[in-house]
Novice: 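The structure follows.
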There are 2 protein chains.
Amino acid sequence: MTDKLTGAAGRQYVADAIRHALRSGDLVPGQRLVENDLAESYGATRGAVREALQDLAAEEIVEIIPRRGARVRAVSVEEAIQITECRSVLEQLCARKAAERADGEQRAELSRIGTDMRQAVADGAWDAYSALNQRLHELVVEASGQEVARRHLERLNGPMVRFQFRLALRPGRPAQSLPQHLAIIDAVVGGDAPAAARAAAAHLDDVIDQLRASADPAPTRTPPRP
Amino acid sequence: MTDKLTGAAGRQYVADAIRHALRSGDLVPGQRLVENDLAESYGATRGAVREALQDLAAEEIVEIIPRRGARVRAVSVEEAIQITECRSVLEQLCARKAAERADGEQRAELSRIGTDMRQAVADGAWDAYSALNQRLHELVVEASGQEVARRHLERLNGPMVRFQFRLALRPGRPAQSLPQHLAIIDAVVGGDAPAAARAAAAHLDDVIDQLRASADPAPTRTPPRP
DNA sequence: ATCAACGAGATTGTTGACAAGATGTTCCGA
DNA sequence: TCGGAACATCTTGTCAACAATCTCGTTGAT
C-alpha cells in the first residue's frame, strides 16, 4: 500500500486526476466535489485536495463557494464564445510571430502535420486528427516564442474541454476545419506573417460560428434542476 | 487590539497589502517574503498569509519555490514586452467590441475622460493623468462586455506595476500618449470598430517601443566603439 | 587562505483534532 | 398536505504544535 499523497506531489496529482475525470465525463458540471471523498478516492490527504481545488479554481475549472465547497463550474455558450474570442486574438499573435521566427525543424514538423492531417481526414481517423489538431496549435504557440501567450492560452482552454468534445463530434467537422488548418500551416511555413494571422482568425471565427450554432435555438426552455 | 485576520478575509487583505507594497516600492523584486513576518506585520494568521501567497503566485506576482519560500518575482524587459503584446491584442478586441456595444452613458464618460486628459496634460497634473489613463482602459474593457478578456487583462497587469512606474516617469511621455488615448476615445465614441482596434494597437505598439528603448539605450544601430 | 563538514537557528510543510457553518430529516401543529 | 422548528449529520475552516528542510555562520583540516 503506497503512502498517501501529500503536499506538492498530491496537489498536482489530484488536480490532474480531476482534469482528466472532467475530460472523460466522469465529472459533470455542477457536481459537488467533497474534499473527503476526493482524498479517499485518490489516496491523498485532505490538505492536498484543498490545494488542488484552489489551483483548479484559479484555472476557473471549478468554483469554490465559501463554507459550501467546490463544484465543477458550468460554462455557458456565451462564455465559451468569449473564451474563443480571446483565444482568437492570442493565436493570431502567435501565428504571426511563428511565421517570423519558426526554425527549420518547426516548419518541417508543421508540414508533416499538414500531410498527416489530410491523411487522417481521408481515412476517417477522428482521434488521430484530433491529436494532430492539438499538436498543431501547440507547435504554433511554441514556435512563436510567446511564453506569456502560451500560459494564457493554456488557462483559456481549461474550462473549454466540454465544448471541444461537443464540437469535435459534429459530423463533417474535420472536413470543414481541415482547409483552415492547412491555411495556417502554409502561411507559417511560408513565413507570411499577415496571412498566418488571417488564417488563424478565420479558423477561430469559424469555431465561434459553430459555438453559436450549438446554442439552443429555443433558449427560453429551462432545463430541470437536479 | 483587533482580532487576527483569518481565512478568506485575511487572504484578500494580505494579498492586497502586498500588491500595494509592491506598487509603492516597499517591496522590490527578489525580496524574500517570510510567512511569519508578513503575518506579524499585517496582523493575520500564517494560514491566511500562505493562501494569499498562493494567490499572488497564481497571478505571477510572486514566485514560490518549494521549501524555500516566496520571493517577489523579477520581470525581465523581454517578458514585459510579451505581456504588452498580449495586452495589445486583447485590448484591440475590447476596443472593437466597445465601439460596437458601449451604451450612451459609457460613451459620455469616455468623452469626459478625453477632455479631462487634455486638461491634465496642459496643467502638468501627472497623477491625475495617470488615474484617467487607468480609468480609460478599464472603461473600454467594461464597455466591451468581454468578461473573459477583462479577467485576463487583470492578470497580465499584475506583474507590470514596476514597469508602468518606470515608463510613466519618462519626461514627455504623457504628451506623447495623449493623442493615442484621444484616438481610442474618438473611435469608440464614434462607433468605428476597426478604427478603435487600430488606435488601441498603435497605442500599445508605442508602449512596446518605449519598453524596448528602456532596455537597451544603444541598440544595434550604434556599433560598439573601438 | 580555501574548502568542506557541521550544527544552531530560521522557515516552510504537514497533521490531526476541533470549531463553525450548511444540509438534510423528522416530527409536530394547523 | 403543508410549513417550519428542532435536531442530527455532513462538510468545510481554523489552529497550534510538530516535523522536515534550508540557511548561514563557525570550525577545523589541508
Side-chain angles (χ1 to χ4, degrees), chain A residues 1-18 21-22 26-74 224-226, chain B residues 1-18 21 26-74:
Chain A
M1 200 61 91
T2 82
D3 260 11
K4 281 199 177 176
L5 290 168
T6 184
R11 174 188 202 153
Q12 184 79 27
Y13 177 78
V14 173
D16 283 348
I18 292 176
L22 210 87
D26 288 340
L27 293 174
V28 300
Q31 185 161 346
R32 279 189 75 187
L33 298 172
V34 177
E35 294 176 358
N36 270 326
D37 297 353
L38 295 172
E40 178 102 12
S41 53
Y42 295 131
T45 64
R46 190 155 78 95
V49 170
R50 272 181 86 82
E51 288 175 341
L53 289 174
Q54 294 293 328
D55 290 350
L56 295 172
E59 293 175 41
E60 307 196 314
I61 290 172
V62 310
E63 183 183 28
I64 295 179
I65 305 174
R67 297 252 172 223
R68 286 202 199 180
R71 339 185 125 250
V72 178
R73 204 164 79 87
R225 277 284 329 171
Chain B
M1 248 225 225
T2 82
D3 259 8
K4 282 198 176 178
L5 290 169
T6 182
R11 175 186 199 153
Q12 186 78 27
Y13 177 78
V14 172
D16 283 348
I18 292 176
D26 287 340
L27 293 175
V28 300
Q31 185 160 346
R32 281 189 73 187
L33 297 171
V34 176
E35 295 176 358
N36 269 324
D37 297 352
L38 295 172
E40 178 101 13
S41 52
Y42 295 131
T45 64
R46 189 154 79 95
V49 171
R50 271 180 87 81
E51 288 175 340
L53 288 174
Q54 294 292 329
D55 289 349
L56 295 172
E59 292 175 41
E60 307 195 312
I61 289 171
V62 310
E63 181 184 28
I64 295 179
I65 304 175
R67 298 258 175 217
R68 292 204 190 175
R71 345 187 117 248
V72 178
R73 203 165 80 86

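Every chain is numbered from 1, with letters handed out A, B, ... down the list of sequences.
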Novice: How is G69(B) classified with respect to the nucleic acid when contacts are heavy atoms under 4.0 Å: base, sugar-phosphate, or nothing?
Specialist: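 The answer is sugar-phosphate, as G69(B) gets under 4.0 Å only of primed atoms, P, OP1 or OP2.
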Novice: Taking only heavy atoms on the protein side, list every residue of residues 29-40 of chain A lying under 4.0 Å from any atom of DNA chain D, sorted numerically.
Specialist: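 Those residues whose heavy atoms fall under 4.0 Å from DNA chain D, taken from residues 29-40 of chain A in numerical order, are R32(A), L33(A), V34(A), E35(A), N36(A).
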Novice: Under 3.5 Å, is there any donor-acceptor pair linking the side chain of R46(A) to the base of dG13(D)?
Specialist: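 Yes, a donor-acceptor pair under 3.5 Å.
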Novice: A side-chain contact here means heavy atoms from C-beta on lying under 4.5 Å apart; do E59(B) and I61(B) qualify?
Specialist: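 Touching, per the 4.5 Å side-chain cut-off.
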Novice: Of all of residues 54-65 of chain B, which get a heavy atom below 4.0 angstrom from DNA chain C, listed by number?
Specialist: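 Going residue by residue through residues 54-65 of chain B, none turns out to have a heavy atom under 4.0 Å of DNA chain C.
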Novice: Over how many whole Å does the gap from E51(B) atom CD to dT12(C) atom C1' extend?
Specialist: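 Answer to the nearest Å: 15 Å.
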Novice: Determine the sole option in V14(B), D16(B), L5(B) for which the side chain to side chain contact (heavy atoms under 4.5 Å, CB included) test with Y42(B) is passed.
Specialist: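 Between Y42(B) and the candidates, side chain to side chain contact (heavy atoms under 4.5 Å, CB included) is satisfied uniquely by V14(B).
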Novice: Would you mind reporting whether I18(B) and V72(B) have side-chain heavy atoms less than 4.5 Å apart?
Specialist: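 No, every pair of side-chain atoms sits at 4.5 Å or beyond.
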Novice: Is the count of non-hydrogen atoms from other residues, nucleotides or ligands lying under 6.0 Å from Q12(B) atom CD greater than 12?
Specialist: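 No, CD of Q12(B) has 12 or fewer neighbouring heavy atoms, counting only those of other groups under 6.0 Å.
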Novice: Rounding to an integer number of Å, can you tell me how far R11(B) CZ sits from dG13(D) C1'?
Specialist: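 Taking CZ of R11(B) and C1' of dG13(D), I get 12 Å after rounding.
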Novice: Round to the nearest Å and state the distance from L53(B) atom CG to dT11(C) atom C1'.
Specialist: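 Taking atom C1' of dT11(C) as the reference, CG of L53(B) is at 13 Å.
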Novice: Assign G7(B) to base, sugar-phosphate, or nothing according to its heavy-atom contacts below 4.0 angstrom with the strands shown.
Specialist: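 Answer is sugar-phosphate: G7(B) comes under 4.0 Å of backbone atoms only.
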Novice: Return each pair, listed once, that meets salt bridge (Lys or Arg N to Asp or Glu O under 4.0 Å) where at least one residue sits in residues 27-45 of chain A; pairs must be two or more places apart or across chains.
Specialist: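 Only E35(A)-R46(A), E35(A)-R50(A) qualify under salt bridge (Lys or Arg N to Asp or Glu O under 4.0 Å).
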Novice: Rounding to an integer number of Å, can you tell me how far R68(B) CZ sits from dA10(C) C1'?
Specialist: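 Between C1' of dA10(C) and CZ of R68(B): 15 Å.
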Novice: Between R73(A) and P29(A), which heavy-atom pair has the shortest distance, and what is it?
Specialist: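 What the structure gives for the nearest pair is O-CB, 4.0 Å.
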Novice: Indicate yes or no: at least one non-hydrogen side-chain atom of L56(B) is less than 4.5 angstrom from one of L33(B).
Specialist: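 Result no, sub-4.5 Å side-chain heavy-atom pair not found.
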